[in-house]
Amino acid sequence: MMPDSDHHLAAGQPDLTRYRRSDRKRGSAVADTTRALREAIFDRVLPPGQWLREESLAETLGISRTPLREALNRIEEEGLIVREPGQGARVTVLTSEDMVVVYQVRGSLESLAASMAAKNAPLEDRERLAELDGLMSEAAEAGRNSDFHDLNIEFHRTLGESATNFYLRRMLGTVETAIRLFGTRTYTVERMREIVGEHRRITEAIVAQDAEAAAAASVDHADRARRATLERLLES
């Protein structure tokens, strides 16, 4: 049942103090607040379904209501929050059906990106993808989940950039935001090793300028990621 306005306004608000910047530059309040809210949602400090109280958020982030409201508008555009008429705003809740669609879209977009990268990627992007492959392998073997998570995000961002197409990169950014809402920050060593192998096939195809193989490897990776995420959600 959806909580009424009195209930959710009285509910406790998570402490976002650690996302507050002490070195905020003049004119950066909106950007800093957007980043803080986005990271709090990705970290699940603001979990799916959490109602957002402007007064509490403004206080804990050390800002006024005006930049906070602009930041909320921005993350609403990114799909991270939804506004309920007469209720306020809350963190987006995604279903398993949403997850299936998001990964299908990711597979389609990244297969195109990988194909284009095999043809167009600058040398530095190819080298960075290979470097990330090695760093992720090291993190996987050492069980460094946090490092692996960050490197995984960078790998997909670099893959999108290597296609050298603004619109494709922008669409991939939207999909990646949705995927991070599923909260995959912890992997088993086995899954980390699988991801390394999947990324390696993509990278090797791009380096070899084999567009067809790069596209196929990207579709396969998205499909395996979808299945792994679905299994995790069903187990939770």
Side-chain angles (χ1 to χ4, degrees), residues 38-39 41-44 46-49 75-82 91-118 121 129 132-133 136-137 139-140 145-146 148-163 165-206 211-236:
R38 187 187 293 126
E39 290 304 313
I41 290 171
F42 289 154
D43 291 344
R44 298 211 164 191
L46 291 174
I75 64 171
E76 181 183 18
E77 291 176 359
E78 295 175 359
L80 295 177
I81 65 171
V82 292
V91 179
T92 300
V93 178
L94 296 180
T95 66
S96 57
E97 182 179 353
D98 293 328
M99 184 270 294
V100 170
V101 171
V102 167
Y103 275 102
Q104 286 177 336
V105 173
R106 184 198 214 182
S108 297
L109 292 176
E110 284 201 340
S111 67
L112 177 58
S115 176
M116 293 176 67
L129 286 171
L132 288 168
D133 177 68
M136 290 186 72
S137 180
N145 256 281
S146 180
F148 188 91
H149 170 76
D150 293 343
L151 290 166
N152 187 45
I153 291 173
E154 185 176 354
F155 178 91
H156 286 279
R157 182 171 57 246
T158 303
L159 175 60
E161 292 173 350
S162 67
N165 183 278
F166 170 79
Y167 294 102
L168 180 56
R169 184 169 65 248
R170 185 170 183 177
M171 287 186 286
L172 279 169
T174 300
V175 171
E176 193 63 31
T177 295
I179 285 176
R180 292 186 68 183
L181 272 174
F182 294 113
T184 305
R185 297 188 67 92
T186 303
Y187 309 83
T188 63
V189 172
E190 179 183 4
R191 181 56 194 149
M192 286 193 285
R193 288 171 176 166
E194 289 174 350
I195 292 172
V196 168
E198 292 159 21
H199 283 186
R200 185 163 297 162
R201 286 189 287 276
I202 296 171
T203 300
E204 289 176 347
I206 290 174
E212 185 176 347
S218 291
V219 170
D220 179 67
H221 174 48
D223 185 58
R224 290 173 183 269
R226 174 188 59 78
R227 282 183 282 168
T229 303
L230 183 58
E231 288 176 4
R232 179 179 56 80
L233 290 175
L234 292 175
E235 291 173 356
S236 61

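In this structure, R157 contributes its side chain and N152 its backbone to no donor-acceptor pair below 3.5 Å. Judged by distance alone, the side chain of S111 and the main-chain N or O of G107 form a donor-acceptor pair under 3.5 Å. Judged by distance alone, with hydrogens and angles left aside, the side-chain atoms of T92 form a donor-acceptor pair with the main-chain N or O of L80 at under 3.5 Å. Panel note: side chain S162, backbone L159; a donor-acceptor pair is recorded below 3.5 Å.
Salt bridge annotation for E194-R191: present, with a cationic side-chain nitrogen under 4.0 angstrom from a carboxylate oxygen.
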### Task
Please assess R200 against V196 for the test side chain to side chain contact (heavy atoms under 4.5 Å, CB included), listing each intermediate value before the final yes or no.
CA-CA 6 Å; R200 185 163 297 162; V196 168; 3.6 Å; yes

### Task
Could you walk me through whether I41 and I81 pass the side chain to side chain contact (heavy atoms under 4.5 Å, CB included) test, one step at a time?
CA-CA 9 Å; I41 290 171; I81 65 171; 4.0 Å; yes

### Message
Apply side chain to side chain contact (heavy atoms under 4.5 Å, CB included) to residues L94 and M99 and explain how you reach the verdict.
### Response
CA-CA 7 Å; L94 296 180; M99 184 270 294; over 6 Å; no

### Task
Please report the C-alpha distance between M192 and N145 in whole Å, then the side-chain angles of each, then the deciding distance to 0.1 Å, and finally whether the side chain to side chain contact (heavy atoms under 4.5 Å, CB included) criterion is met.
CA-CA 9 Å; M192 286 193 285; N145 256 281; 4.2 Å; yes

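Across every non-hydrogen atom of V102 and V175, the tightest pair is O-CG1, 3.9 Å. Shown here for A217 and I202, the closest heavy-atom pair between the two residues is CB-CG1, 3.6 Å. Closest approach of A114 and I206 over heavy atoms only: O-CG1, 3.9 Å. Residues L151 and A139 share a closest heavy-atom pair of CD1-CB, 4.3 Å. Considering every non-hydrogen atom in both L168 and A163, the closest pair reads CD2-CB, 3.9 Å.
Within the structure, side-chain hydrogen bond (donor to acceptor under 3.5 Å, both in side chains) contacts touching residues 211-225 (residues at least two apart or in different chains) are H156-H221, E198-H221, H199-H221, D220-R224, D223-R226, D223-R227. Listed by first then second residue, pairs satisfying side-chain hydrogen bond (donor to acceptor under 3.5 Å, both in side chains) with a partner in residues 165-179 read R106-E176, not counting sequence neighbours.
By the 4.5 Å heavy-atom criterion applied to side chains, M116 and L112 are counted as neighbours.
To the nearest 0.5 angstrom, F148 atom CZ is 4.0 Å from I195 atom CD1. Atoms OH and CD, from Y103 and E110 in turn, are 10.0 Å apart once rounded to the nearest 0.5 Å.
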